[in-house]
Number of protein chains: 2
Amino acid sequence: MIDPTPAHHRAPHVHDDVDQRIDAALELLREDGGRVTTARRAIVTSLYRGQDHHVTAEDVAAAVQAQHPDVHLSTVYRTLDALERLAVVAKVDLGPGPAVYHLVDHVHHHLVCDRCGTVIEVPGKVIEPLAAALEARVGFVASPHRLTISGLCRSCR
Amino acid sequence: MIDPTPAHHRAPHVHDDVDQRIDAALELLREDGGRVTTARRAIVTSLYRGQDHHVTAEDVAAAVQAQHPDVHLSTVYRTLDALERLAVVAKVDLGPGPAVYHLVDHVHHHLVCDRCGTVIEVPGKVIEPLAAALEARVGFVASPHRLTISGLCRSCR
DNA sequence: ATAATTGCAAAGTCTTTGCAGTTTG
DNA sequence: CAAACTGCAAAGACTTTGCAATTAT
(Lines give C-alpha, C1' and ligand atoms only; values in the text may rest on other atoms or scores of the structure.)
Protein backbone atom coordinates (compact mmCIF):
# COMPACT_ATOMS: atom_id res chain seq x y z
CA MET A 1 0.00 0.00 0.00
CA ILE A 2 1.42 3.34 -0.99
CA ASP A 3 0.28 6.41 0.87
CA PRO A 4 -1.78 8.29 -1.70
CA THR A 5 -1.56 11.57 0.17
CA PRO A 6 0.41 14.08 -1.91
CA ALA A 7 3.62 15.09 -0.19
CA HIS A 8 2.56 18.70 0.32
CA HIS A 9 -0.48 17.55 2.29
CA ARG A 10 1.66 15.77 4.84
CA ALA A 11 3.55 17.49 7.60
CA PRO A 12 7.02 18.06 6.19
CA HIS A 13 8.89 16.66 9.15
CA VAL A 14 6.94 13.42 8.97
CA HIS A 15 7.83 13.11 5.33
CA ASP A 16 11.47 13.71 6.03
CA ASP A 17 11.51 11.23 8.85
CA VAL A 18 10.01 8.45 6.77
CA ASP A 19 12.36 9.22 3.92
CA GLN A 20 15.24 8.95 6.31
CA ARG A 21 14.13 5.59 7.56
CA ILE A 22 13.68 4.35 4.02
CA ASP A 23 17.17 5.46 3.15
CA ALA A 24 18.54 3.87 6.29
CA ALA A 25 17.01 0.53 5.37
CA LEU A 26 18.39 0.72 1.84
CA GLU A 27 21.76 1.63 3.25
CA LEU A 28 21.67 -1.47 5.41
CA LEU A 29 21.15 -3.56 2.30
CA ARG A 30 24.14 -1.92 0.68
CA GLU A 31 26.34 -2.35 3.73
CA ASP A 32 25.45 -5.99 3.67
CA GLY A 33 26.97 -6.27 0.22
CA GLY A 34 23.61 -6.05 -1.51
CA ARG A 35 22.43 -3.82 -4.31
CA VAL A 36 19.70 -1.25 -4.23
CA THR A 37 17.43 -1.84 -7.16
CA THR A 38 14.18 -0.31 -8.31
CA ALA A 39 12.28 -3.28 -6.95
CA ARG A 40 13.93 -3.07 -3.57
CA ARG A 41 13.43 0.64 -3.29
CA ALA A 42 9.76 0.24 -4.13
CA ILE A 43 9.31 -2.58 -1.66
CA VAL A 44 10.97 -0.72 1.19
CA THR A 45 9.04 2.43 0.36
CA SER A 46 5.80 0.52 0.39
CA LEU A 47 6.60 -0.89 3.81
CA TYR A 48 7.31 2.52 5.31
CA ARG A 49 4.58 4.43 3.53
CA GLY A 50 1.87 1.82 3.84
CA GLN A 51 -0.76 2.46 6.45
CA ASP A 52 -1.09 -1.20 7.31
CA HIS A 53 1.14 -2.52 10.04
CA HIS A 54 0.72 -6.11 8.96
CA VAL A 55 1.28 -6.98 5.36
CA THR A 56 1.66 -10.24 3.55
CA ALA A 57 4.13 -10.72 0.72
CA GLU A 58 1.15 -10.59 -1.60
CA ASP A 59 0.03 -7.25 -0.15
CA VAL A 60 3.45 -5.80 -0.73
CA ALA A 61 3.57 -7.15 -4.25
CA ALA A 62 0.18 -5.66 -5.08
CA ALA A 63 1.18 -2.27 -3.71
CA VAL A 64 4.48 -2.24 -5.53
CA GLN A 65 2.96 -3.46 -8.77
CA ALA A 66 0.68 -0.44 -8.89
CA GLN A 67 3.78 1.52 -9.89
CA HIS A 68 6.08 -1.22 -11.10
CA PRO A 69 3.92 -3.89 -12.68
CA ASP A 70 6.68 -6.37 -13.32
CA VAL A 71 8.10 -6.72 -9.86
CA HIS A 72 7.53 -10.36 -9.23
CA LEU A 73 6.14 -11.91 -6.07
CA SER A 74 9.27 -14.00 -5.70
CA THR A 75 11.34 -10.82 -5.65
CA VAL A 76 9.17 -9.56 -2.84
CA TYR A 77 9.75 -12.74 -0.89
CA ARG A 78 13.48 -12.50 -1.46
CA THR A 79 13.64 -8.87 -0.45
CA LEU A 80 11.54 -9.45 2.63
CA ASP A 81 13.91 -12.26 3.56
CA ALA A 82 16.88 -9.95 3.20
CA LEU A 83 15.17 -7.29 5.27
CA GLU A 84 14.36 -9.84 7.92
CA ARG A 85 18.00 -10.91 8.12
CA LEU A 86 18.92 -7.25 8.57
CA ALA A 87 16.31 -6.88 11.29
CA VAL A 88 14.37 -4.26 9.38
CA VAL A 89 11.21 -6.30 9.29
CA ALA A 90 9.91 -9.16 11.40
CA LYS A 91 8.04 -12.06 9.91
CA VAL A 92 5.19 -13.42 11.95
CA ASP A 93 3.22 -16.59 11.51
CA LEU A 94 -0.25 -15.76 12.66
CA GLY A 95 -1.61 -19.24 12.16
CA PRO A 96 -2.90 -20.63 8.90
CA GLY A 97 -2.65 -18.41 5.86
CA PRO A 98 0.25 -16.33 4.70
CA ALA A 99 2.86 -14.94 7.07
CA VAL A 100 2.70 -11.24 7.82
CA TYR A 101 5.58 -8.85 7.98
CA HIS A 102 5.94 -5.64 9.91
CA LEU A 103 8.66 -3.13 10.60
CA VAL A 104 10.64 -4.02 13.70
CA ASP A 105 10.50 -0.52 15.06
CA HIS A 106 6.83 -1.07 15.71
CA VAL A 107 7.17 -3.20 18.83
CA HIS A 108 4.00 -5.03 19.59
CA HIS A 109 2.43 -8.43 19.89
CA HIS A 110 -0.53 -10.15 18.37
CA LEU A 111 -3.75 -11.47 19.73
CA VAL A 112 -5.44 -13.56 17.08
CA CYS A 113 -9.11 -14.37 17.45
CA ASP A 114 -9.81 -18.01 16.71
CA ARG A 115 -13.34 -17.26 15.63
CA CYS A 116 -13.22 -14.13 13.50
CA GLY A 117 -9.53 -13.93 12.72
CA THR A 118 -9.18 -10.38 13.97
CA VAL A 119 -5.67 -9.43 14.95
CA ILE A 120 -5.39 -7.14 17.95
CA GLU A 121 -2.07 -5.47 18.56
CA VAL A 122 -0.88 -4.96 22.06
CA PRO A 123 2.08 -2.79 22.96
CA GLY A 124 5.35 -4.59 23.53
CA LYS A 125 5.64 -3.59 27.14
CA VAL A 126 2.57 -5.55 28.13
CA ILE A 127 4.59 -8.70 28.12
CA GLU A 128 7.65 -7.38 29.84
CA PRO A 129 6.83 -9.03 33.16
CA LEU A 130 6.25 -12.34 31.42
CA ALA A 131 9.44 -11.99 29.42
CA ALA A 132 11.40 -11.31 32.60
CA ALA A 133 9.89 -14.36 34.25
CA LEU A 134 10.76 -16.57 31.29
CA GLU A 135 14.30 -15.35 31.17
CA ALA A 136 14.81 -15.97 34.86
CA ARG A 137 13.13 -19.32 34.77
CA VAL A 138 14.32 -21.00 31.61
CA GLY A 139 16.88 -18.59 30.24
CA PHE A 140 14.77 -17.91 27.19
CA VAL A 141 14.98 -14.43 25.74
CA ALA A 142 11.72 -13.54 24.04
CA SER A 143 11.97 -11.70 20.77
CA PRO A 144 10.28 -8.34 21.10
CA HIS A 145 8.21 -8.94 17.98
CA ARG A 146 7.09 -12.46 17.89
CA LEU A 147 4.49 -13.27 20.45
CA THR A 148 1.23 -14.67 19.25
CA ILE A 149 -1.68 -15.48 21.48
CA SER A 150 -4.76 -17.22 20.22
CA GLY A 151 -8.07 -16.88 21.90
CA LEU A 152 -11.37 -15.10 21.55
CA CYS A 153 -11.78 -11.39 21.08
CA ARG A 154 -14.31 -9.34 22.96
CA SER A 155 -17.08 -9.70 20.43
CA CYS A 156 -16.62 -13.41 19.79
CA ARG A 157 -16.34 -14.32 23.41
CA MET B 1 4.47 -43.21 18.55
CA ILE B 2 3.01 -46.18 20.41
CA ASP B 3 4.21 -47.00 23.89
CA PRO B 4 6.16 -50.23 23.42
CA THR B 5 6.01 -51.16 27.10
CA PRO B 6 3.88 -54.28 27.55
CA ALA B 7 0.79 -53.57 29.58
CA HIS B 8 1.85 -55.75 32.49
CA HIS B 9 5.03 -53.72 32.92
CA ARG B 10 3.10 -50.53 33.46
CA ALA B 11 1.32 -49.59 36.65
CA PRO B 12 -2.24 -50.89 36.20
CA HIS B 13 -3.92 -47.67 37.25
CA VAL B 14 -1.99 -45.71 34.65
CA HIS B 15 -3.06 -48.12 32.00
CA ASP B 16 -6.68 -47.95 33.06
CA ASP B 17 -6.61 -44.21 33.19
CA VAL B 18 -5.24 -43.85 29.67
CA ASP B 19 -7.72 -46.38 28.37
CA GLN B 20 -10.49 -44.40 29.95
CA ARG B 21 -9.37 -41.21 28.32
CA ILE B 22 -9.10 -42.92 24.96
CA ASP B 23 -12.62 -44.25 25.32
CA ALA B 24 -13.85 -40.84 26.39
CA ALA B 25 -12.43 -39.25 23.27
CA LEU B 26 -13.97 -41.91 21.04
CA GLU B 27 -17.26 -41.44 22.83
CA LEU B 28 -17.12 -37.74 22.05
CA LEU B 29 -16.78 -38.58 18.38
CA ARG B 30 -19.80 -40.80 18.58
CA GLU B 31 -21.87 -38.25 20.47
CA ASP B 32 -21.04 -35.81 17.74
CA GLY B 33 -22.73 -38.08 15.22
CA GLY B 34 -19.44 -39.56 14.07
CA ARG B 35 -18.36 -43.15 13.69
CA VAL B 36 -15.60 -44.94 15.49
CA THR B 37 -13.46 -46.72 12.96
CA THR B 38 -10.26 -48.68 13.14
CA ALA B 39 -8.33 -45.70 11.84
CA ARG B 40 -9.83 -43.33 14.38
CA ARG B 41 -9.27 -45.70 17.25
CA ALA B 42 -5.64 -46.11 16.23
CA ILE B 43 -5.11 -42.38 15.86
CA VAL B 44 -6.61 -41.56 19.23
CA THR B 45 -4.68 -44.37 20.86
CA SER B 46 -1.46 -43.12 19.37
CA LEU B 47 -2.13 -39.63 20.71
CA TYR B 48 -2.72 -40.87 24.25
CA ARG B 49 -0.05 -43.54 24.31
CA GLY B 50 2.66 -41.59 22.50
CA GLN B 51 5.42 -40.20 24.63
CA ASP B 52 5.70 -37.06 22.56
CA HIS B 53 3.58 -34.11 23.55
CA HIS B 54 3.89 -32.44 20.19
CA VAL B 55 3.17 -34.44 17.12
CA THR B 56 2.64 -33.51 13.52
CA ALA B 57 0.04 -35.17 11.36
CA GLU B 58 2.90 -37.01 9.71
CA ASP B 59 4.16 -38.27 13.08
CA VAL B 60 0.74 -39.62 13.90
CA ALA B 61 0.43 -41.24 10.51
CA ALA B 62 3.80 -42.94 10.89
CA ALA B 63 2.93 -44.25 14.33
CA VAL B 64 -0.46 -45.53 13.24
CA GLN B 65 0.89 -47.07 10.07
CA ALA B 66 3.21 -49.29 12.10
CA GLN B 67 0.10 -51.30 12.97
CA HIS B 68 -2.29 -50.24 10.24
CA PRO B 69 -0.23 -49.60 7.13
CA ASP B 70 -3.04 -48.30 5.01
CA VAL B 71 -4.33 -45.52 7.20
CA HIS B 72 -3.79 -42.57 4.94
CA LEU B 73 -2.31 -39.23 5.92
CA SER B 74 -5.45 -37.48 4.79
CA THR B 75 -7.45 -39.57 7.22
CA VAL B 76 -5.14 -38.45 9.97
CA TYR B 77 -5.70 -34.83 9.03
CA ARG B 78 -9.45 -35.33 8.97
CA THR B 79 -9.49 -37.09 12.31
CA LEU B 80 -7.25 -34.50 13.90
CA ASP B 81 -9.64 -31.85 12.61
CA ALA B 82 -12.57 -33.63 14.16
CA LEU B 83 -10.73 -33.98 17.46
CA GLU B 84 -9.83 -30.34 17.39
CA ARG B 85 -13.47 -29.35 16.91
CA LEU B 86 -14.30 -31.52 19.90
CA ALA B 87 -11.56 -29.87 21.93
CA VAL B 88 -9.70 -33.11 22.43
CA VAL B 89 -6.58 -31.83 20.75
CA ALA B 90 -5.22 -28.38 20.06
CA LYS B 91 -3.48 -27.50 16.85
CA VAL B 92 -0.55 -25.14 17.14
CA ASP B 93 1.32 -23.33 14.43
CA LEU B 94 4.88 -23.14 15.66
CA GLY B 95 6.15 -21.15 12.72
CA PRO B 96 7.25 -22.59 9.43
CA GLY B 97 6.92 -26.31 8.99
CA PRO B 98 3.99 -28.52 9.83
CA ALA B 99 1.52 -27.70 12.59
CA VAL B 100 1.78 -29.70 15.77
CA TYR B 101 -1.06 -31.16 17.76
CA HIS B 102 -1.27 -31.97 21.42
CA LEU B 103 -3.91 -33.13 23.84
CA VAL B 104 -5.75 -30.23 25.42
CA ASP B 105 -5.47 -31.66 28.88
CA HIS B 106 -1.79 -30.88 28.75
CA VAL B 107 -1.98 -27.14 29.37
CA HIS B 108 1.21 -25.42 28.41
CA HIS B 109 2.74 -22.90 26.08
CA HIS B 110 5.58 -22.89 23.64
CA LEU B 111 8.84 -21.06 23.46
CA VAL B 112 10.33 -21.57 20.03
CA CYS B 113 13.99 -20.81 19.51
CA ASP B 114 14.57 -18.84 16.33
CA ARG B 115 18.05 -20.23 15.92
CA CYS B 116 17.91 -23.93 16.72
CA GLY B 117 14.18 -24.54 16.55
CA THR B 118 13.98 -26.09 20.00
CA VAL B 119 10.55 -25.96 21.54
CA ILE B 120 10.47 -25.37 25.27
CA GLU B 121 7.24 -26.02 27.08
CA VAL B 122 6.22 -23.80 29.91
CA PRO B 123 3.36 -24.61 32.26
CA GLY B 124 0.09 -22.86 31.53
CA LYS B 125 0.01 -20.96 34.77
CA VAL B 126 3.08 -18.94 33.87
CA ILE B 127 1.00 -16.73 31.67
CA GLU B 128 -1.95 -16.33 33.97
CA PRO B 129 -0.98 -12.80 35.02
CA LEU B 130 -0.57 -11.80 31.40
CA ALA B 131 -3.84 -13.41 30.42
CA ALA B 132 -5.62 -11.56 33.21
CA ALA B 133 -4.09 -8.27 32.07
CA LEU B 134 -5.17 -8.86 28.47
CA GLU B 135 -8.68 -9.72 29.45
CA ALA B 136 -9.01 -6.61 31.57
CA ARG B 137 -7.39 -4.39 29.00
CA VAL B 138 -8.79 -5.50 25.68
CA GLY B 139 -11.37 -8.08 26.62
CA PHE B 140 -9.40 -10.81 24.89
CA VAL B 141 -9.63 -14.26 26.40
CA ALA B 142 -6.46 -16.19 25.71
CA SER B 143 -6.85 -19.80 24.80
CA PRO B 144 -5.08 -21.92 27.37
CA HIS B 145 -3.19 -23.82 24.68
CA ARG B 146 -2.12 -21.46 22.02
CA LEU B 147 0.58 -19.11 23.05
CA THR B 148 3.76 -19.09 21.07
CA ILE B 149 6.75 -16.99 21.87
CA SER B 150 9.73 -16.75 19.59
CA GLY B 151 13.15 -15.84 20.83
CA LEU B 152 16.44 -17.42 21.68
CA CYS B 153 16.94 -20.31 24.02
CA ARG B 154 19.61 -20.41 26.68
CA SER B 155 22.22 -22.06 24.51
CA CYS B 156 21.63 -19.95 21.40
CA ARG B 157 21.55 -16.68 23.24
C1' DA C 1 34.00 -6.50 -14.88
C1' DT C 2 31.66 -9.19 -11.68
C1' DA C 3 28.75 -10.35 -8.32
C1' DA C 4 24.06 -9.51 -7.00
C1' DT C 5 19.39 -9.41 -8.43
C1' DT C 6 15.49 -10.22 -11.35
C1' DG C 7 11.49 -12.50 -13.80
C1' DC C 8 9.81 -16.58 -14.87
C1' DA C 9 8.59 -21.23 -14.41
C1' DA C 10 8.99 -25.15 -11.91
C1' DA C 11 9.29 -27.56 -7.74
C1' DG C 12 8.49 -28.04 -2.77
C1' DT C 13 5.88 -28.34 1.56
C1' DC C 14 1.95 -28.80 4.04
C1' DT C 15 -2.99 -29.34 3.88
C1' DT C 16 -7.51 -29.86 1.85
C1' DT C 17 -10.91 -31.86 -1.18
C1' DG C 18 -13.71 -34.71 -4.71
C1' DC C 19 -15.04 -39.09 -5.45
C1' DA C 20 -16.22 -43.96 -5.59
C1' DG C 21 -16.09 -47.70 -2.62
C1' DT C 22 -16.44 -49.38 2.23
C1' DT C 23 -18.00 -49.47 6.91
C1' DT C 24 -20.60 -48.02 11.01
C1' DG C 25 -24.66 -47.50 13.78
C1' DC D 1 -30.08 -48.78 4.83
C1' DA D 2 -28.40 -44.09 5.25
C1' DA D 3 -24.89 -41.47 6.69
C1' DA D 4 -20.21 -41.20 7.75
C1' DC D 5 -15.62 -42.54 6.79
C1' DT D 6 -11.75 -44.13 3.90
C1' DG D 7 -7.92 -44.34 0.42
C1' DC D 8 -6.40 -42.35 -3.38
C1' DA D 9 -5.28 -38.87 -6.52
C1' DA D 10 -5.55 -34.34 -7.57
C1' DA D 11 -5.76 -29.65 -6.37
C1' DG D 12 -4.73 -25.70 -3.37
C1' DA D 13 -2.24 -22.28 -0.72
C1' DC D 14 2.04 -20.43 0.33
C1' DT D 15 6.96 -20.25 -0.37
C1' DT D 16 11.40 -21.43 -2.29
C1' DT D 17 14.62 -22.31 -5.99
C1' DG D 18 17.23 -22.94 -10.58
C1' DC D 19 18.47 -20.45 -14.36
C1' DA D 20 19.55 -17.24 -17.99
C1' DA D 21 19.26 -12.40 -18.63
C1' DT D 22 19.79 -7.90 -16.53
C1' DT D 23 21.71 -4.40 -13.53
C1' DA D 24 24.28 -2.13 -9.63
C1' DT D 25 28.65 -1.02 -7.92
Side-chain angles (χ1 to χ4, degrees), chain A residues 23 25-46 54-62 64-65 67-86 88-101 117, chain B residues 23 25-46 54-62 64-65 67-86 88-101 112 117 148:
Chain A
D23 286 346
L26 295 174
E27 189 51 33
L28 277 178
L29 283 170
R30 244 186 302 251
E31 279 168 13
D32 188 48
R35 310 276 157 92
V36 173
T37 63
T38 309
R40 286 179 162 196
R41 213 183 321 266
I43 290 165
V44 169
T45 300
S46 145
H54 301 111
V55 287
T56 64
E58 203 104 42
D59 292 339
V60 175
V64 165
Q65 284 163 2
Q67 316 283 331
H68 305 273
D70 40 331
V71 170
H72 197 275
L73 179 58
S74 68
T75 298
V76 174
Y77 273 111
R78 285 189 274 224
T79 301
L80 252 11
D81 268 12
L83 293 172
E84 193 193 7
R85 279 195 304 276
L86 297 171
V88 172
V89 301
K91 177 184 184 178
V92 191
D93 242 319
L94 254 31
V100 304
Y101 296 80
Chain B
D23 286 346
L26 296 174
E27 188 52 33
L28 278 177
L29 283 170
R30 243 185 304 250
E31 279 167 13
D32 188 48
R35 311 274 158 91
V36 173
T37 64
T38 307
R40 288 182 160 195
R41 213 184 320 266
I43 290 165
V44 170
T45 300
S46 144
H54 300 110
V55 287
T56 64
E58 202 105 42
D59 292 339
V60 174
V64 165
Q65 284 163 2
Q67 314 283 331
H68 306 273
D70 40 331
V71 170
H72 196 275
L73 180 57
S74 67
T75 299
V76 174
Y77 273 110
R78 285 189 273 226
T79 301
L80 253 10
D81 269 12
L83 293 172
E84 193 192 8
R85 280 196 304 276
L86 297 171
V88 172
V89 302
K91 176 184 186 178
V92 191
D93 242 319
L94 254 30
V100 303
Y101 297 80
V112 184
T148 303

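So you know, we letter chains A, B, ... as the sequences are listed, proteins then strands, and number each from 1. Both backbone and side-chain heavy atoms feed into the values below; hydrogens, waters and symmetry mates do not.
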*When you match Tyr77(B) and Ile43(A) each to their closest nucleotide on DNA chain C, which lands nearer the 5' end?*
Ile43(A)
_Residue closer to the 5' end of DNA chain C, Glu58(B) versus Arg41(B) (nearest nucleotide)_ = Glu58(B)
*Answer with base, sugar-phosphate or nothing: what part of the nucleic acid does Thr56(B) contact at a heavy-atom distance below 4.0 Å?*
nothing
*If you look at every strand shown and take non-hydrogen atoms under 4.0 Å, does Arg78(B) touch a base, only sugar-phosphate, or nothing?*
base
Nearest to the side chain of [X], which nucleotide is it out of [options]?
{"X": "Lys91(B)", "options": "dC5(D), dG25(C), dT15(C)", "value": "dT15(C)"}
{"X": "His72(A)", "options": "dC5(D), dA9(C), dT5(C)", "value": "dA9(C)"}
{"X": "Thr37(B)", "options": "dT25(D), dC5(D), dT5(C)", "value": "dC5(D)"}
{"X": "Val71(A)", "options": "dT6(C), dG7(C), dT6(D)", "value": "dG7(C)"}
{"X": "Ser74(B)", "options": "dG7(D), dC14(C), dT6(C)", "value": "dG7(D)"}
{"X": "Ala99(A)", "options": "dT15(C), dT15(D), dT24(C)", "value": "dT15(D)"}

*Do other residues, nucleotides or ligands put more than 12 heavy atoms under 6.0 Å from the CD atom of Glu58(A)?*
no
Counting distance only, does the side-chain N/O of [X] pair as donor-acceptor with the main-chain N or O of [Y] below 3.5 Å?
{"X": "Asp81(A)", "Y": "Arg78(A)", "answer": "no"}
{"X": "Arg40(B)", "Y": "Thr79(B)", "answer": "no"}
{"X": "Arg30(A)", "Y": "Val36(A)", "answer": "no"}

*Under 3.5 Å donor-acceptor pair, Arg35(A) side-chain atoms to dA4(C) base atoms*: no
